[in-house]
Amino acid sequence: MQKLQALRGFRDIFGEEVEKFRLIEGVARRYFGLLGYREMEIPVLEKTDLFVRSIGDATDIVEKEMFTFNDRSGESLTMRPEATAGIVRAYLQAGLYAKERISRLFTIGPMFRHERPQKGRFREFHQLDVEVFGIPDSSLDAELLWMIWLMLTDLGVPSYRFEVNSVGCKGCREAFRSALVDYLRSQEDYLCEDCRARMDRNPLRVFDCKNDQCAQLMRASPLLFDHLCPECRSEFESYLSLLDTFGVPVTVNKRLVRGLDYYTRAVFEVTSDDLGAQKAFAAGGRYDNLVQEIGGPSTPGSGFAIGMERLALLVPAPAGRDRPQFFLAAVGEKASRFIVPLLKAFIQEEMALSYTSGGRSLKSQMKYAAAIKADYVLILGDQELERGSVILRDMKDGSQRDLPLNVESLPQEVRRSIAP
RNA sequence: GUGGGUGUAGCUCAACGGUUAGAGCACCGGGCUGUGGACCCGGGGGUUGAGGGUUCGAAUCCCUUCACUCACCCCA
């Protein structure tokens, strides 16, 4: 192994994966733009406190997964593990709540969590993140799912599942919590070690446990869903009916809970079985108290994040290039002087032209042209210079023809002679 | 943080503890003196991830460490 390499969980991304990223971003920007969402950029680095307060100090992310360090002045800073906290901070700092009644925002960029990498999970990963402020009713939540559904359909993702649930408002959550803890305590002896600890700190998370025995027990446990207050319940009903109107197929998963503390009412996950152990590639929900909790005016919010790496695993490979690729094989010193003028002329006409440098043999240049899958090769050597022409070779069938060697008109000549 | 699997040429992989660590692909050159893909011939390329140990002898066995990978945990 080499000495210099990227940090664990940090990757260089190129080739097809980057093309998929751009494809996903393009589709997202198109639909988001049509629906009135505005793109923004936020810092990668924030004060640690922002994440502790918004994500929750009893969550795994804050407890053991953040890249946190002290800067030169001793202040604790953290590489953002998710985007919501930063967007909320930006929303408050810019005073958007006073300038516009509704803010529809999105951002795309890298996030950082100090976890052990595995399939679909890295320490630096990319999210496409959407946040909306100022809309309290669940029509918004249905709209968000619809946007994701539009994207997935457009991208041709073959199989996925929308799972939705309500985790209730603050009121129903607190009432339920005691009922749940009572149940867990009665079954304490049968719970795994982790869940016994969760019971006090964050009892809802026991629903997430994959331990067979715990999962078995939770099948009989009281459900938050059944303890929703009348308002939350009717809100959820209209949410489901709106999703139906939008045409987004969903399944209700009453055990779905989220790992971040700020969620209220509507929450969802989009999962696929083609992802290995990390099945969720998009998730989000409503957070009606978050803005107020970190010091802003009471403002309802809702949003989601899409994991780019995970979605890219599901997106079919993008189609190849749509324009023909030309290659200039210049043989000899004199012919090489035409490289720069021809490059200028072709690029001016938006025709893709590449070449190799150095006095390589024609054979070697032809080999290279084939390797980069050039569609046509322009051959220019001493013989062509003498007769004032250039050979245009079709690499598919090997047919060749002479074109006049005139830098200004050559791109047009080429275009004419390859036209069907 | 825990566990399993894997580290040999640029890539994919061979090699029972025993000659000078090989093959395919890729690359370069030649056959074809100016034409890619097919074929044939030749060539360059390795600290066998790193460090230690056992042994007459280690890619091979043992220990340590690093990396990759999958899973647990958690999450997008």
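Throughout, protein chains are lettered first and strands after them, A, B, ... in sequence-line order, and every chain is numbered starting at 1.
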Quiz item: Under 6.0 Å from the six-membered ring centre of Y376(A) and within 45° of its axis: does the NZ or CZ of R393(A) meet both?
Solution: no

Quiz item: Does NZ or CZ of R123(A) come closer than 6.0 Å to the centre of the six-membered ring of F10(A), within 45° of the ring's axis?
Solution: no

Spacing of the [atom1] atoms in [M] and [N] (rounded, Å):
{"N": "rC73(B)", "M": "rG57(B)", "atom1": "C1'", "result": "46 Å"}
{"N": "rC41(B)", "M": "rA26(B)", "atom1": "P", "result": "15 Å"}
{"N": "rC56(B)", "M": "rU48(B)", "atom1": "P", "result": "23 Å"}
{"N": "rG3(B)", "M": "rA59(B)", "atom1": "P", "result": "29 Å"}
{"N": "rG42(B)", "M": "rG34(B)", "atom1": "C1'", "result": "23 Å"}
{"N": "rU8(B)", "M": "rC40(B)", "atom1": "P", "result": "28 Å"}
{"N": "rG46(B)", "M": "rC63(B)", "atom1": "C1'", "result": "25 Å"}

Give [X] one of three labels, base, sugar-phosphate or nothing, depending on what nucleic acid heavy atoms sit under 4.0 Å from its own.
{"X": "F327(A)", "value": "nothing"}
{"X": "F281(A)", "value": "sugar-phosphate"}
{"X": "R116(A)", "value": "base"}
{"X": "A369(A)", "value": "nothing"}

Quiz item: Is the CZ atom of F21(A) crowded by more than 12 outside heavy atoms at less than 6.0 Å?
Solution: yes

Between [N] atom [atom2] and [X] atom [atom1], what is the distance in whole Å?
{"X": "M151(A)", "N": "rA76(B)", "atom1": "CE", "atom2": "P", "result": "17 Å"}
{"X": "E115(A)", "N": "rC75(B)", "atom1": "CD", "atom2": "P", "result": "9 Å"}
{"X": "R8(A)", "N": "rG49(B)", "atom1": "CZ", "atom2": "P", "result": "18 Å"}

Quiz prompt | Below 4.0 Å: OP1/OP2 of rA76(B) and any side-chain N or O of Q127(A) | solution = no

Parallel, tilted or perpendicular, judged at 30° and 60°: which one describes the rings of [X] and [Y]?
{"X": "W146(A)", "Y": "F246(A)", "value": "parallel"}
{"X": "F281(A)", "Y": "Y160(A)", "value": "perpendicular"}
{"X": "Y239(A)", "Y": "F236(A)", "value": "tilted"}

Quiz prompt | Nucleotide-level pairing of RNA chain B, given in dot-bracket where Watson-Crick and G-U pairs need both distances under 3.5 Å and | marks other strands | solution = (((((((..((((....[...)))).(((((.......))))).....(((((..]....))))))))))))....

Quiz item: If you measure from the Lys or Arg side-chain nitrogens to the Asp or Glu carboxylate oxygens, is any gap between K170(A) and D288(A) under 4.0 Å?
Solution: no

Quiz prompt | Residues R29(A), E39(A): salt bridge by 4.0 Å N-O rule | solution = yes

Quiz item: Where along nucleotides 30-39 of chain B does protein come under 4.0 Å, by heavy atom, of base (B) or sugar-phosphate alone (S), with - for untouched nucleotides?
Solution: ----BBBB--

Quiz item: Between the base of rC75(B) and the side chain of R310(A), is there a donor-acceptor distance below 3.5 Å?
Solution: yes

Quiz item: Between R11(A) and K279(A), who's closer to the 5' end of RNA chain B by nearest nucleotide?
Solution: R11(A)

Quiz item: In terms of side-chain heavy atoms of Q118(A), which of rC75(B), rA71(B), rC68(B) is nearest?
Solution: rA71(B)

